[in-house]
Amino acid sequence: MRRTHMAGELRPAHAGQRVTLAGWVHRSRDHGGVIFVDLRDRAGIVQVVFHPQTSEEAFRIAETLRAEDVVYVTGTVQMRPPEMVNPKLATGEVEVFAEAVEVLNRSRTPPFVIRDEVAAGEELRLKYRYLDLRRPRMQRNLHLRHRTVKFIRDWLDARGFWEIETPILIKSTPEGARDFLVPSRLQPGKFYALPQSPQQLKQLLMVAGIDRYFQIARCFRDEDLRGDRQPEFTQLDMEMAFVDEEDVIGVNEALMVDLVRAVVPHKRIQQVPFPRLSYAEALERYGSDKPDLRFGLELVDLGHVWHQTDFRVFRAVLAEGGQVKGIRAPGLARYSRKQIDELEKLVRQWGAHGLAWVKVQEGGELQGSVARFLADGARAAFLEATQAEPGDLVLMVAGEGALVADVLGRLRLELGDRLGLRDPDVLAFAWIVDFPLFEWNEDEGRWDAMHHPFTSPKDEDLERLETDPGQVRAKAYDLVANGWELAGGSIRIHRRDVQQKVFELLNISPERAQERFGHMLEAFEYGAPPHGGIAWGLDRVVMVFADEPNIREVIAFPKTASGVDLMTGAPSEVDPEQLAELYIRVVLPEEEKATSEP
RNA sequence: GGGCGCGUGGUGCAGCGGUCAGCACACCGGCCUGUCAAGCCGGAGGUCGCGGGUUCGAACCCCGUCGCGCCCGCCA
């Protein structure tokens with residue numbers, strides 16, 4: 001290889017050395033008598049100086065260089081004069097005086113300029129993803145992701161975990177998310193499914209005596225996309241035998257702490273050991289099961305306050321068993337009517353009927369949409385409950401409990417943003433525990449598994465399976481940070497009688513259980529050890545580490561919100577012969593047929 | 001499936017019923033020996049996403065449609 005150094009690695013220590021660099025022309029500045037070319041490679045950017053006195057030939061070639069041309073440059077590293085140091089570049093103290101340059105490949109003018117500050121639209125970036133990925137920020141993200149995965153592998157290896165690959169073509173078990181299906185040519189009319197996660201397989205590995213397993217596992221879910229959801233994504237999947245909740249939590253907390261210190265040392269973990277919140281407490285205090293604990297602004301129950309007022313709207317909600325809760329926004333009494341209307345528009349979008357507000361004026365006087373109802377005792381109770389002080393704004397929402405929590409939880413994040421309380425350099429991890437095992441499915445009139453059907457109930461709640469399923473708590477835990485759910489897992493059921501009872505409650509008949517999970521149930525009859533595990537949403541973890549607003553920024557080739565890969569054009573139609581081999585016929589709805597031709 | 005926003009030279013935006021559709025950057029040519037978002041001079045480049053409608057007249061208003069983003073539903 002002719003390259004001797006990476007462009008971005010050159011430092012004063014290299015001064016005087018003759019180096020050969022390889023990379024892309026980032027930018028060039030032609031001054032007529034001297035030409036500066038910023039040469040970019042994976043490691044960074046260095047300034048190359050073309051001077052006719054150094055090499056007439058190289059100078060002539062440099063005159064023709066354009067952005068993104070690929071070149072070899074040979075020259076001597078020299079210290080820059082002090083007044084010409086560029087503090088914006090890591091290599092800014094040196095420059096390379098070019099003695100020879102070879103053009104390896106010319107580039108067409110790229111559709112957008114390759115640099116971090118550029119405001120190219122995401123659509124264009126995704127179409128030319130290979131150019132987008134040349135941007136230093138994107139390379140930083142991919143490198144961060146690499147270092148994260150590498151650290152995890154080494155860390156788990158050192159603690160006796162084996163990395164085991166599980167199949168991508170598996171059996172469809174239509175619980176939970178919609179499966180991606182793959183037709184079988186050898187078994188006409190039958191289909192594989194792509195794994196939503198290696199859940200069942202890792203449990204079977206525990207039955208197999210593997211004891212400690214992990215995998216950086218690609219997972220697939222055919223559901224609509226979001227900023228934090230792609231149809232294919234990556235989990236750090238983990239399972240351990242002979243463990244309880246504390247064991248899994250302990251290993252993962254230690255891994256996360258070490259990982260943060262290794263790959264994002266500039267970030268401060270707010271609290272170690274990670275605080276733990278019950279699911280109920282999280283919803284109660286933060287209106288979310290993945291609260292952002294970097295700031296307070298906790299939800300306050302104001303039912304008892306409004307109960308003693310004449311405000312019919314809130315009293316009616318309370319009479320129907322609903323809630324009235326509020327958030328104290330410190331200092332926001334300065335908000336104009338327009339700004340509050342803006343917030344009201346948001347909460348309506350989230351499903352609230354309206355937003356009530358009260359400002360505490362400097363004199364202690366209350367002002368606002370519902371202030372006139374807060375007299376005497378109610379006024380005192382309001383101030384006592386909210387702890388509101390002059391200059392504060394209290395925002396309130398009334399309605400059904402879950403809705404109030406959800407709306408105020410979102411409003412809390414909005415206020416956190418507006419008040420600048422979400423410091424990106426702080427990681428506020430927390431474990432959310434004591435999840436309900438089931439949640440009531442209104443539409444189907446039955447219980448659904450909140451986590452998945454193999455999640456173990458808490459030992460002390462076993463009796464309630466018969467009497468009060470809604471009160472049964474699960475041996476389940478989520479790891480959250482800064483408002484994101486980063487991981488979730490549970491201890492699994494290993495007792496046949498308990499599993500049977502759970503299937504009963506989930507309205508899964510023995511026949512259906514046999515059909516769907518027969519292999520699991522049978523396996524559990526051959527000496528299944530107690531076991532449990534967890535899965536990290538690796539894309540989200542890296543996204544948070546990288547301070548990116550969505551996981552597309554930490555995935556090399558992501559898909560758009562409609563599941564399209566703009567670079568390759570996937571998904572696409574296929575040859576009729578391919579379909580015929582698979583015994584598949586495409587039947588489009590009538591209206592789509594009419595417009596399907598481009 | 002539903003709601004909201006956006007779509008205008010290569011890129012990012014302005015224009016939101018009436019001269020020839022502007023600006024910045026990029027691009028092309030010229031000048032220039034210390035720039036690093038180089039500078040100066042000159043130039044080229046647009047059927048305003050697509051289709052239909054309203055109007056004397058549409059980038060602009062209306063309807064439909066496509067694409068992208070955000071949100072709801074969905075995501076055990």
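Computed from a predicted model, the values in this text were never measured in an experiment. Order of the sequence lines sets the chain letters (A, B, ...), proteins ahead of strands, with each chain counted from 1.
- Which of B:rG73, B:rU33, B:rA76 sits closest to the side chain of A:Val34 comes down to B:rU33.
- Contact annotation: A:Arg29 does not reach the phosphate of B:rU35 (side-chain N/O to OP1 or OP2, under 4.0 Å).
- A distance-only check finds a donor-acceptor pair linking the side chain of A:Arg412 to the backbone of A:Asp292 [under 3.5 Å].
- A:His452 and A:Phe454 have tilted rings, their planes meeting at an angle from 30° to 60° on a 0 to 90° scale.
- Base-pair partner of B:rC40: B:rG30 (Watson-Crick or G-U wobble, both distances under 3.5 Å).
- Nucleotides B:rU11 and B:rA26 are separated by 7 Å at their C1' atoms, to the nearest Å.
- Across the C1' atoms, B:rA59 and B:rG51 are found 16 Å apart, a figure rounded to whole Å.
- Below the 3.5 angstrom threshold, one finds a donor paired with an acceptor across the side chain of A:Arg229 and the base of B:rC75.
- In this model, the phosphate group of B:rA37 is approached by a side-chain N or O of A:Lys88 to a distance below 4.0 Å at OP1 or OP2.
- Between A:His5 and A:His14, the ring planes lie perpendicular to each other; the angle is over 60°, past the 30° to 60° tilted range.
- Nearer the 5' end of RNA chain B, as judged by each residue's closest nucleotide, is the contact made by A:Asn550, out of A:Ser197 and A:Asn550.
- Between A:Val49 and A:Ala177, the residue whose closest nucleotide on RNA chain B is further toward the 5' end is A:Val49.
- With centres under 5.5 Å and a plane angle under 30° as the test, the ring of A:His451 is not stacked against the base of B:rA76.
- Side-chain N or O atoms of A:Asp41 include one that pairs as donor or acceptor with a backbone N or O of A:Gly44 at under 3.5 Å.
- Distances from the side chain of A:Arg552 to the nucleotides B:rG69, B:rU33, B:rC36 place B:rG69 closest.
- Base engagement by A:Phe97 is indicated by at least one non-hydrogen atom pair under 4.0 Å involving a base atom.
- When the nucleotides B:rG29, B:rC36, B:rC68 are ranked by their closest atom to the side chain of A:Arg80, B:rC36 comes out on top.
- Within the 4.0 Å cut-off from OP1 or OP2 of B:rC72, at least one side-chain nitrogen or oxygen of A:Arg226 is found.
- B:rG69: Watson-Crick or G-U partner is B:rC4, with both key distances under 3.5 Å.
- In this pair, A:Phe36 lays its aromatic ring flat on the base of B:rU35, centres within 5.5 Å and planes under 30 degrees apart.
- Distance check on atom C1': B:rG10 versus B:rC27 gives 8 Å, rounded to whole Å.
- No hydrogens or angles considered: a donor-acceptor pair under 3.5 Å links the side chains of A:Gln196 and A:Asp179.
- Pairing of B:rC61, defined by two Watson-Crick or G-U wobble distances under 3.5 Å, is identified with B:rG53.
- With both ends at atom P, the span from B:rC32 to B:rC48 equals 42 Å, rounded to whole Å.
- When distances run from any side-chain atom of A:Glu223 to the nucleotides B:rC36, B:rC68, B:rC75, the shortest one goes to B:rC75.
- Taking only side-chain atoms of A:Pro111, from C-beta outward, the nucleotide of B:rG10, B:rC68, B:rC28 with the closest atom is B:rG10.
- Rounded to whole Å, the distance from CG on A:Leu89 to C1' on B:rG34 is 15 Å.
- Checking the phosphate oxygens (OP1, OP2) of B:rC68, a side-chain nitrogen or oxygen of A:Ser562 falls inside 4.0 Å.
- Here the separation of B:rC62 from B:rC20, taken at their C1' atoms, is 28 Å to the nearest Å.
- Using a 4.0 Å cut-off, some side-chain N or O of A:Arg27 falls inside it from OP1 or OP2 of B:rA38.
- Pairing partner, B:rA24: B:rU11, with both Watson-Crick or wobble hydrogen-bond distances short of 3.5 Å.
- Here the closest non-hydrogen pair linking A:Glu553 and A:Arg129 is CA-NH2, 4.4 Å.
- Nearest nucleotide to the A:His51 side chain, out of B:rG69, B:rU33, B:rG10: B:rU33.
- A:Arg221 has a side-chain polar atom (N or O) that falls below the 4.0 Å cut-off from OP1 or OP2 of B:rA76.
- Spacing between B:rA21 and B:rG57 at atom C1', rounded to whole Å, works out to 16 Å.
- Contact annotation: A:Thr109 does not reach the phosphate of B:rC27 (side-chain N/O to OP1 or OP2, under 4.0 Å).
- At least one side-chain nitrogen or oxygen of A:Arg410 sits closer than 4.0 Å to the OP1 or OP2 atom of B:rC72.
- Within 4.0 Å of A:Glu95, counting heavy atoms only, lies at least one base atom of the nucleic acid.
- Side-chain atoms of A:Asn86 and base atoms of B:rC36 include a donor and an acceptor less than 3.5 Å apart.
- As a whole-Å value, the separation of A:Glu342 CD from B:rC4 C1' is 15 Å.
- In this structure, A:Gln235 contributes its side chain and A:Arg218 its backbone to no donor-acceptor pair below 3.5 Å.
- When the P atom is compared between B:rC74 and B:rG1, the two are found 15 Å apart, to the nearest whole Å.
- Look at the P atom in both B:rC66 and B:rC28: the space between them is 39 Å, to the nearest Å.
- The aromatic rings of A:Tyr279 and A:Phe435 are tilted relative to each other, their planes meeting at an angle between 30° and 60°.
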